[in-house]
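The structure displayed is predicted, hence computed values, not measured ones. Note that ligands are numbered from 1 as they come in the structure, with each ligand's atoms numbered from 1 the same way.
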Amino acid sequence: MTNKEAFRREYLRELLTPLGIKLTEQQLQQFALYQEELLSWNEKINLTALTEDKDILIKHFYDSVLGLKVGKWTGQERVLDLGTGAGFPGVPLQIVSPSLSVVLVDSLQKRVKFLQHLLSVLALDGTEAIHGRAEELGREPKLRDKFDIVVSRAVARLAVLTEYCLPFVKPGGVFLAYKGLDGQKECVEADSAIKKLGGKLLKVETFSLPEEMGTRTIISIKKLKPTPAAYPRRPGIPGKNPL
Ligand code: SAH
């Protein structure tokens with residue numbers, strides 16, 4: 001193991017300990033490979049603006065697993081990550097909690113290619129990466145109303161994001177929106193969208209990233225009933241004309 005790899009492993013181990021997460025050798029290895037693949041593919045295709053070790057470890061890996069601190073997880077959930085990009089937060093959640101079954105969705109084919117490569121390198125057999133848009137996939141019977149938990153980070157404003165994500169959630173399940181400082185404000189703006197889509201705002205939790213790397217909020221929205229047939233609307237419409 002190189003010095004750099006040893007530093008990354010030790011640093012990540014220390015970061016996650018206060019969250020009550022103890023990584024096995026295999027999980028540490030998976031995170032180390034993830035970081036390497038991310039940095040090497042990032043030279044060819046645009047995957048992340050963050051390339052410093054600590055930024056990746058805190059703003060990508062640590063931030064992604066914060067969702068496990070919201071609500072009660074059994075560890076067996078079916079999870080969908082909408083607009084996952086290079087795999088955030090879905091891949092770190094899958095590594096830390098291997099009995100989840102995670103579906104990663106992104107509308108950019110190049111990123112989905114990276115994810116498929118990554119999943120095979122990390123031997124994450126239970127994880128699937130699908131290319132497509134929320135507005136279309138949310139109408140597929142195999143995906144609609146099927147997930148215990150849907151997560152999404154840095155994809156759209158909450159009013160738009162709720163129309164993308166809530167259709168995938170099972171009635172009784174939850175949508176977790178990973179947001180920055182403005183999470184609370186976005187909830188006010190998204191109030192009517194959440195209601196029209198059959199959801200209910202449960203809570204907004206605030207977290208501080210280590211090393212003063214910023215404040216994050218995670219918004220929990222419960223799905224009370226099946227999504228009305230009119231939603232999601234056609235590609236591009238939710239973004240142009242939010243509910
Ligand atoms: N969640 C990742 C990536 C954020 S960038 C992270 O936090 O790092 C936003 C991603 O959402 C992009 O990869 C983009 O291709 C995808 N995206 C945007 N609109 C989408 C839509 N309607 N359906 C599916 N993916 C979408």
Side-chain angles (χ1 to χ4, degrees), residues 31 34-35 37-39 41-42 44-52 55-68 79-95 102-119 127-140 143-144 147 149-169 175-183 186 190 193 197 207 209 213-219 227 231-243:
F31 276 114
Y34 191 1
Q35 190 156 357
E37 294 292 336
L38 179 67
L39 288 170
W41 278 59
N42 201 44
K44 290 169 277 165
I45 66 169
N46 176 22
L47 290 172
T48 177
L50 305 177
T51 55
E52 295 295 325
D55 283 340
I56 292 176
L57 294 166
I58 295 177
K59 294 184 180 170
H60 283 329
F61 295 167
Y62 179 96
D63 186 41
S64 290
V65 305
L66 282 176
L68 294 170
V79 178
L80 184 140
D81 179 8
L82 192 278
T84 187
F88 304 115
V91 173
L93 289 171
Q94 180 73 86
I95 294 174
V102 177
V103 172
L104 307 165
V105 170
D106 203 276
S107 56
L108 260 188
Q109 179 68 49
K110 280 191 285 189
R111 293 189 175 150
V112 175
K113 280 259 146 58
F114 164 72
L115 292 168
Q116 284 163 346
H117 164 79
L118 179 73
L119 296 176
T127 321
E128 204 185 339
I130 302 180
H131 173 233
R133 291 188 67 131
E135 300 95 312
E136 289 165 335
L137 297 176
R139 289 196 168 270
E140 287 199 3
L143 299 172
R144 187 176 175 97
F147 292 84
I149 299 176
V150 173
V151 293
S152 188
R153 190 183 81 159
V155 175
R157 305 276 306 170
L158 189 62
V160 177
L161 197 60
T162 305
E163 187 169 354
Y164 289 166
C165 291
L166 217 53
F168 296 106
V169 180
F175 160 41
L176 300 180
Y178 285 57
K179 291 287 179 183
L181 253 184
D182 276 355
E186 287 197 39
L197 291 157
F207 299 92
L209 296 180
M213 287 216 188
T215 303
R216 296 289 184 266
T217 55
I218 298 184
I219 302 166
T227 304
Y231 308 118
R233 291 168 294 165
R234 283 179 291 114
I237 306 291
K240 242 178 262 156
N241 183 17
L243 289 174

Participant: Taking the six-membered ring for Trp and the single ring otherwise, decide whether the centroids of Phe61 and Tyr34 are under 6.0 Å apart.
Facilitator: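 Yes, the ring centres sit under 6.0 Å apart.
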
Participant: Tell me, please, which residues at least two apart from Gln109 pass side chain to side chain donor-acceptor pair (under 3.5 Å).
Facilitator: His131

Participant: When you look for protein heavy atoms under 4.0 Å from ligand 1, which residues do they belong to?
Facilitator: Gly83, Thr84, Gly85, Phe88, Asp106, Ser107, Leu108, Arg111, Gly132, Arg133, Ala134, Glu135, Arg153, Ala154, Val155, Tyr164

Participant: Atom NZ of residue position Lys240 - does it have more than 12 heavy atoms of other residues, nucleotides or ligands inside 6.0 Å?
Facilitator: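 Atom NZ in Lys240 is not crowded, with 12 or fewer foreign heavy atoms closer than 6.0 Å.
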
Participant: Quick one: list whatever passes ring-ring contact (aromatic ring centres under 6.0 Å, His included) with Tyr164, sequence neighbours left out.
Facilitator: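 Here no residue qualifies.
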
Participant: Report all side-chain donor-acceptor pairs from residues 83-92 shorter than 3.5 Å, counting only partners two or more places apart or in another chain.
Facilitator:
{"unit_1": "Thr84", "atom_1": "OG1", "unit_2": "Asp81", "atom_2": "OD2", "d": "2.7"}
{"unit_1": "Thr84", "atom_1": "OG1", "unit_2": "Phe88", "atom_2": "N", "d": "3.4"}

Participant: State, to 0.1 Å, how close Leu93 and Leu68 come at their nearest heavy-atom pair, and which atoms those are.
Facilitator: CD2-CG, 3.6 Å

